[in-house]
Participant: 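Quick one: structure below, then a few questions.
Letters A, B, ... mirror the listed sequences (proteins, then strands); counts begin at 1.
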Amino acid sequence: MNITESFKHREWPDLSRKGRVTILAWIAALPALTVIVLYRIIPILYNFYLSFNEMSYTGELTFVGLSNYRNLLHDPVFLRSLANTFALMATIPVGIAVALGLAILLNQKFPGRNVFRSAIFLPYIIMMVGIGVIWQYMFQTDAGVINYLLLQTGLVSDPIRWLSSSRWALISVLIVQVWKTVGFYMIILLAGIQMIPTQVYEVARIDGASRWQRFRHITLPLLRPTIGVCFLVGIVTTYRAFDLIMVMMPQGGPNHSAEILLTWMYKQAFSYGEFGYGAVLTMVMYVVVLLMVFAGWKLQRRSFE
Amino acid sequence: MTEDSPTNLTRRQYAKLSAALTAGAVGTAGCLGDDDDGSGGEGGAESISLLTWNLEFLEDSIEGWIDDFQNTEPPVEADYSDTDVEWVDRMDDQILSYYQSQLQTDDPVTVFDTLGMSFTRFAEEGIFVDLEEYASSDFMSKFGDESLEYATFDGDLVRMPFYQNAGATYINTELFEEAGIDEYPYSVDEFFDTAERIVDESDADYGLTTLTFDYRIWPFFWAEGIDVLNESDDAAAFNTSRAAEILERFHELTEDGVIPEVTWTGFVEEQAQQFGAGDTGMFIAPLSNVRRVQGYGDWIDEETLELTLPPGNRGNYEANGLCITEPNTSEAEREAAWDLIRSILSDKWQEDFLRNTTVMAGNLDVQEELSNDEEFRENNPLLAMAYDLWPELEEGYVMAPSVPEASEIADILDSEVSNAALGEKEPEDALDDAEDRVNDALSG
């Protein structure tokens, strides 16, 4: 007799049906919960504890109180990397907006639309290191294809120093990040659009709703859960920018202009052996991610209210 | 962190995420332990491990090292036939996070191939065995005084010289001929002037490119008597008016297109590629880049490429060394580790190493013998050129500061020098900021 049958056969007669289902649900969730506790919760708690300590290479900890947190105030790169992390997160709504436009466009019937869908999705499955190397060439000031196109079309009169000026270095990363993720968002949104019943549009059309009104009052509200999913997945994808920055600008760009919390944390902990301070940066990163997850969760939730 | 692998195998950037994942295990695994002292076998140790850096391509040779060790081939004398040797290779700076993770899980690597100055941070915490208690004077006599000095930290010999390298200047002789330049530059100002002349008087697009990270830009400053740190290694010493002048010249030459921007934004491959393209007069980089630039330029041969001295013949010296981990290793394991090191550094395997790489050997006898081998010279003319230049480089090369913060200081200098060269900061401001940051790093 399996576990479900044993519940059915009243071997736990004192429990209500709801109680039995609850226990069964917990048993089913236990493997996943174990993994989450072991590989997520415990490391986060340990990291929090580590942030109040200095750690030697052999793992001995020395309690230093808030000293590592105070170092944030003296670290000239920290604020910049924090601001850049938010800027990178801001590529999520930008990418979703671009993807939404593309999804609506590619939801129309025209020859070759599947080719366009594939072409736009393709960057998402290419590994970030390869993308970094290719874009590094494309962004070259003198010989890069991007400046060549901009100059040829007359959009700029002087070549842009994409990777060698603090003004443009982060923008270069953001452009690549949007390019990389837009295909994924597009596919998800396309699926979301196709889930919207066509009758709703037909009724709206009969009632005289314009294209914009149909988009504003039907498509957008019904896509909110899908956009929320994109937002949450986007947060995870944002972390892949680590590889991108390390490939395109291993020193974090001129004057650390493209440094993000993740790259700075990595350098502090693993290049300089500052594990305690690295743990502090990780805690800051957790807070940033929690804020973004909360925003994504709220967005998803609003659609069901 | 040093990046010049003995070959052109990798880019540093290719491996960051997996390194971070490896290190992520540190937290959860920190409480795991192993009380086994590792004793066993006639040679005393059940197993030892060897961690190498960017040597995956040498798999056959490394298996040979291990076979010789286990088969009691000279110079090994004890019987290690029952001692397992686990070999792990890690690329680029993955090696540090791997080693750190192993240390913290109480399962440390026994023999660690340390790169550049990264060993100092571990040496400061007493992670490495003082090898002088194992080394006989006969064995030590195979290595140069400088390389042994570089392997010493706080009076302890913490690593054995495995291979070494020093900065040099790669010359595109065709562009020099076109520009009518007969003499190669020596002083810093001569380097700058020559770079300008090459651009003005030949078809070259650029006059000069250089590697910058890990003190590779510092020959320009050492040549002018500007040290990174003061004599007691506790404060920055580079903030001088001459240093500001050099930075100003870097900026002018970059603005004028004499130095390509990629010099300040690239890491290794980008600059090597630039020189390999054949449109740049000079490239300042360690000798180990010979095969790397050759890979990027069909035009490169012993006629078109010349290797000569870096600015003021003050190239940066760097070396890889083999260390033995002290915490959580038994005496039997350390003795076995020492015998494995002796096998690796034996004449037989050092010669094999030289034949398969582009670096200089720690074992000087072998290097000298190979540099006089006519057949080798004929088949490897560029390497022969590097070997010929080495004695001159030895006279002038400078070692990076031997402090635990060496990697962080190198990154700060690289970043601020690039800021000034790219016009992101005024030279004086870049030096002030670098000075503050270096002093902060030193004061912990």
Participant: Is there side-chain contact between A:Val77 and B:Arg437, with heavy atoms separated by less than 4.5 Å?
Facilitator: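 The answer is yes; the side chains approach within 4.5 Å.
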
Participant: Working to the nearest 0.5 Å, report the span between OH of B:Tyr206 and CG of A:Asp142.
Facilitator: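 Rounded to the nearest 0.5 Å, the OH-CG separation comes to 4.0 Å.
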
Participant: Do A:Gln136 and B:Glu270 come close enough that some side-chain heavy atom pair is under 4.5 Å?
Facilitator: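 Side-chain contact under 4.5 Å: yes.
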
Participant: Side chains of A:Tyr137 and B:Gln273: does their closest heavy-atom pair fall under 4.5 Å?
Facilitator: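 Side chain of A:Tyr137 against side chain of B:Gln273, heavy atoms only: contact under 4.5 Å found.
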
Participant: A:His256, A:Met265, A:Glu60: which one forms the most heavy-atom pairs within less than 4.5 Å of chain B?
Facilitator: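 Maximum pair count with chain B is reached by A:His256.
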
Participant: Atom OH of residue position A:Tyr286 - does it have more than 12 heavy atoms of other residues, nucleotides or ligands inside 6.0 Å?
Facilitator: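 Atom OH in A:Tyr286 is crowded, with more than 12 foreign heavy atoms closer than 6.0 Å.
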
Participant: If you look at every heavy atom in A:Ser271 and B:Ser407, which pair is closest and at what distance?
Facilitator: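 A:Ser271 and B:Ser407 have their closest heavy atoms at O-CB, 3.7 Å.
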
Participant: Give the intermediate values and the outcome of side chain to side chain contact (heavy atoms under 4.5 Å, CB included) for residues B:Arg121 and A:Tyr272.
Facilitator: CA-CA 9 Å; B:Arg121 67 179 77 172; A:Tyr272 311 148; 5.5 Å; no

Participant: Chain A heavy atoms under 4.5 Å from B:Leu422: which part of the residue, side chain, backbone, both or neither?
Facilitator: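 Both backbone and side chain.
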
Participant: Is A:Tyr49 in contact with chain B via its backbone, its side chain, both, or neither, using a 4.5 Å heavy-atom distance?
Facilitator: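 Neither the backbone nor the side chain of A:Tyr49 comes within 4.5 Å of chain B.
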
Participant: B:Lys425, B:Glu124, B:Glu416, B:Glu261: which one forms the most heavy-atom pairs within less than 4.5 Å of chain A?
Facilitator: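 Top count of heavy-atom pairs under 4.5 Å with chain A: B:Glu261.
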
Participant: Let's test your reading of the structure: which of A:Gly59, A:Ser164, A:Pro254 forms the most heavy-atom pairs below 4.5 Å with chain B?
Facilitator: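 So the answer, after comparing A:Gly59, A:Ser164, A:Pro254, is A:Ser164.
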
Participant: When you measure from the side chain of A:Gln251 to the backbone N and O of B:Asp414, does any donor-acceptor pair fall under 3.5 Å?
Facilitator: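 No; judged by distance alone, with no hydrogens or angles, the pair does not exist.
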
Participant: Say whether, by atom type as modelled, one donor and one acceptor occur between the side chain of B:Asn419 and the main chain of A:Asn255 under 3.5 angstrom.
Facilitator: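 Yes, B:Asn419 side chain to A:Asn255 backbone: donor-acceptor pair under 3.5 Å.
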
Participant: Write down the atom of A:Leu163, the atom of B:Thr265, and the distance for their closest heavy-atom approach.
Facilitator: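 Reported closest heavy-atom pair: O-CG2, 3.5 Å.
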
Participant: Scan B:Phe119, B:Phe122, B:Tyr99 and name whichever one has a ring-ring contact (aromatic ring centres under 6.0 Å, His included) with A:Tyr57.
Facilitator: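 Answer to the ring-ring contact (aromatic ring centres under 6.0 Å, His included) test with A:Tyr57 among B:Phe119, B:Phe122, B:Tyr99: B:Phe122.
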
Participant: Quick one: what part of B:Glu125 sits under 4.5 Å from any heavy atom of chain A, side chain, backbone, both or neither?
Facilitator: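 Answer is side chain: those atoms of B:Glu125 sit under 4.5 Å from chain A.
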
Participant: Minimum heavy-atom separation for B:Gln104 to A:Ser56, with atom names?
Facilitator: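 Looking at all heavy atoms of both residues, the shortest contact is NE2-O, 3.4 Å.
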
Participant: So for B:Ser415, is it side chain, backbone, both, or neither that comes closer than 4.5 Å to the heavy atoms of chain A?
Facilitator: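 Contact with chain A involves the side chain of B:Ser415 alone.
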
Participant: With a 4.5 angstrom heavy-atom cut-off, which part of A:Ala269 approaches chain B: side chain, backbone, both or neither?
Facilitator: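 Just the backbone, heavy atoms under 4.5 Å.
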
